[in-house]
Number of protein chains: 2
Amino acid sequence: MEYKEAKEKFISTWGSLGSLWGINKAMAQIQALLFISTKPLSMEDIMEELKISRGNTSMNLRQLMDWGIVTKEIIPGERKEYFTTEKDVEELARVVAKERSRREIKPVVKILKDVSSINDDGTEKTKEFIKQTKALHELTETMDSMINKVVNQQQNWLTKSLLKLFK
Amino acid sequence: MEYKEAKEKFISTWGSLGSLWGINKAMAQIQALLFISTKPLSMEDIMEELKISRGNTSMNLRQLMDWGIVTKEIIPGERKEYFTTEKDVEELARVVAKERSRREIKPVVKILKDVSSINDDGTEKTKEFIKQTKALHELTETMDSMINKVVNQQQNWLTKSLLKLFK
DNA sequence: TGAAACTTTCAAAAAATATTGAAAGTTAAT
DNA sequence: ATTAACTTTCAATATTTTTTGAAAGTTTCA
């Protein structure tokens, strides 16, 4: 396999994987492109490489910046804006996990807590509802706490310690 | 909050959360409904409660069965088919994690392995590509191995041991 | 075997989501 | 203050995904 083919395969795979980490295709592809680039890229560069429109590029770059994964790079003497992504995979994983926890898991934990706290009127269906949503609440909270613990560790802790632990 | 309101809130929250665990809204809602039900439900029951069509119900029940989360229950003397879901949250988490690993993570790990194995022609861009995709391959493989390790543990191991470890 | 009771399939329709592109907005240099 | 170089916004459009519903299929019982 040649560089060009491998690159295209990587970008498209990473793009379709977007759903797994909760972002859209273009967003994932832009990140993938920056991830393997040896230098910061301009909006033009990205549009050209991925064959997507200016508006699309602009909106998705903003979202990537909101996630904290991509940063603007100002190149002295240049008018254009350039972009780079976090190059360290573990830091990347940490940021993604943290954001998903904040955006998606925490709100759900809150709702599970609320709905599992309804008054027990003694009926079977209410008892079952409380029991099941409580169990879900506890599991979700445990998972979230795990994620956040991992996320707050030092560089390399993730691979080194966890791999030992689980292998 | 009354039972009815809590139930509706739970089902709709769980439904919109579907994306987090990689299934669609109707599928997640059917699972949620079965999860808090005190008895197996028929297709009619589900259609009625969730206000969705027969075809939709049938297709999504099949998918839930493919995932191994929902099972058909034959009630003696009844012509209709009834459905129940796995009621134990940890078993549920285990099944979901295992399926996602198999369906989504493993194929990606394979592609990452392939693309990171291209011939190093000595150019900077090829070197960067190999370095970055290798790092991603390793991380993804580590994560997947963790997930599978957790997934194969005994009942309760997840909550009891991991919580202690991370709290 | 016939027919009632039920489930599955799938083409068409609807809904949700992503993308475009051009106008409006911003910034920096002269 | 003007203009050139660039970015952002957003209504319109395209694409993808989900849902519907009716016809076809299956099963069970008499």
Side-chain angles (χ1 to χ4, degrees), chain A residues 11-34 40-67 70-84 103-104, chain B residues 11-34 40-67 70-85 100 103-104:
Chain A
I11 290 173
S12 95
T13 304
W14 207 239
S16 58
L17 195 69
S19 67
L20 192 60
W21 48 296
I23 66 175
N24 77 32
K25 199 180 108 194
M27 203 172 147
Q29 290 191 338
I30 292 171
Q31 199 276 327
L33 179 62
L34 293 173
L41 301 180
S42 69
M43 227 161 80
E44 297 287 343
D45 296 335
I46 297 168
M47 287 166 60
E48 166 104 351
E49 284 264 16
L50 303 180
K51 308 270 184 274
I52 59 176
S53 72
R54 189 175 294 285
N56 201 1
T57 308
S58 170
M59 283 174 124
N60 284 111
L61 277 170
R62 156 168 296 279
Q63 279 208 75
L64 284 164
M65 289 188 284
D66 287 348
W67 273 71
V70 161
T71 46
K72 248 181 215 171
E73 197 100 334
I74 304 297
I75 296 189
E78 288 261 20
R79 191 71 171 275
K80 269 187 210 142
E81 294 177 332
Y82 286 81
F83 302 89
T84 34
R103 291 165 196 242
E104 298 175 272
Chain B
I11 290 173
S12 94
T13 304
W14 207 240
S16 58
L17 195 68
S19 67
L20 192 60
W21 48 297
I23 65 174
N24 77 32
K25 199 180 109 195
M27 202 171 147
Q29 289 191 339
I30 291 172
Q31 199 277 328
L33 180 62
L34 293 173
L41 301 181
S42 69
M43 227 161 81
E44 297 286 344
D45 295 335
I46 296 168
M47 287 166 60
E48 167 103 352
E49 284 265 14
L50 303 179
K51 308 270 182 273
I52 59 178
S53 72
R54 189 174 295 283
N56 201 1
T57 308
S58 171
M59 284 174 124
N60 285 111
L61 276 171
R62 156 168 297 279
Q63 279 209 76
L64 284 164
M65 288 188 285
D66 287 348
W67 274 70
V70 162
T71 46
K72 249 181 214 170
E73 198 100 334
I74 304 297
I75 295 189
E78 287 261 19
R79 192 73 170 272
K80 270 187 210 144
E81 294 176 334
Y82 287 81
F83 302 90
T84 34
T85 190
R100 293 208 84 182
R103 291 165 196 239
E104 298 175 273

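Throughout, a chain's letter reflects where its sequence line sits, starting with A, and its residues are numbered from 1. Computed from a predicted structure; not experimentally measured.
For A/R62, the listed nucleotide lying nearest its side chain is D/dT9; candidates were C/dT27, C/dT8, D/dT9. The side chain of A/S58 approaches D/dT9 more closely than any other nucleotide in the set D/dT28, D/dT9, C/dT20. The side chain of B/N56 lies closest to D/dT20 when the candidates are C/dT19, D/dT20, C/dA28. Set against D/dA5, D/dT27, D/dT9, the side chain of A/M59 has D/dT9 as its closest nucleotide. Proximity note for A/E81 (side chain, C-beta onward) versus C/dT9, D/dT19, D/dT7: the nearest is D/dT7. Out of D/dT20, D/dC6, C/dT8, the shortest distance to the side chain of A/K80 is found at D/dC6.
Between the CG atom of A/L41 and the P atom of D/dT7 there is a distance of 13 Å, given to the nearest Å. Between the CG atom of A/D45 and the P atom of D/dT7 there is a distance of 11 Å, given to the nearest Å. The distance from atom CG of B/N60 to atom C1' of C/dT9 is 14 Å, rounded to the nearest whole Å. Atoms CD1 (B/I75) and C1' (C/dC6) sit 15 Å apart, rounded to a whole Å. In this structure, B/R79 places its CZ atom 15 Å from P of C/dA3, rounding to the nearest Å. Atom CD in B/E44 sits roughly 9 Å away from atom C1' in C/dC6 (whole-Å rounding). To the nearest angstrom, P of D/dT26 lies 16 Å from CE of B/M43. If you take CE of B/M47 and C1' of D/dT19, they are 12 Å apart, rounded to a whole angstrom.
Between the NZ atom of B/K25 and the CD1 atom of B/I11 there is a distance of 12.0 Å, given to the nearest 0.5 Å. Note that CZ of A/R54 and CE of A/M47 are 4.0 Å apart. Values are rounded to the nearest 0.5 Å. Residue A/Y82 holds its OH atom at 6.5 Å from CG of A/D45, rounded to the nearest 0.5 Å. Distance OG1/A/T13 to CD/A/Q29: 9.5 Å, rounded to 0.5 Å.
Proximity of residues 23-30 of chain A to DNA chain C (heavy atom under 4.0 angstrom from any strand atom) is restricted to A/N24, A/A26.
In terms of polar N and O atoms assigned as donor or acceptor, the side chain of A/R54 never comes within less than 3.5 Å of the base of C/dT20 in a complementary pairing.
Looking only at side-chain heavy atoms (C-beta outward), A/I30 and A/I52 come within less than 4.5 Å of each other.
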Exercise for review: Kindly determine whether B/M27 and B/W67 satisfy side chain to side chain contact (heavy atoms under 4.5 Å, CB included), including the steps that lead there.
Suggested key: CA-CA 11 Å; B/M27 202 171 147; B/W67 274 70; 3.5 Å; yes
Could you list the donor-acceptor pairs under 3.5 angstrom formed by side chains in residues 56-64 of chain A, with sequence neighbours left out?
unit_1, atom_1, unit_2, atom_2, d
A/T57, OG1, A/S53, O, 2.7
A/N60, ND2, A/N24, OD1, 3.4

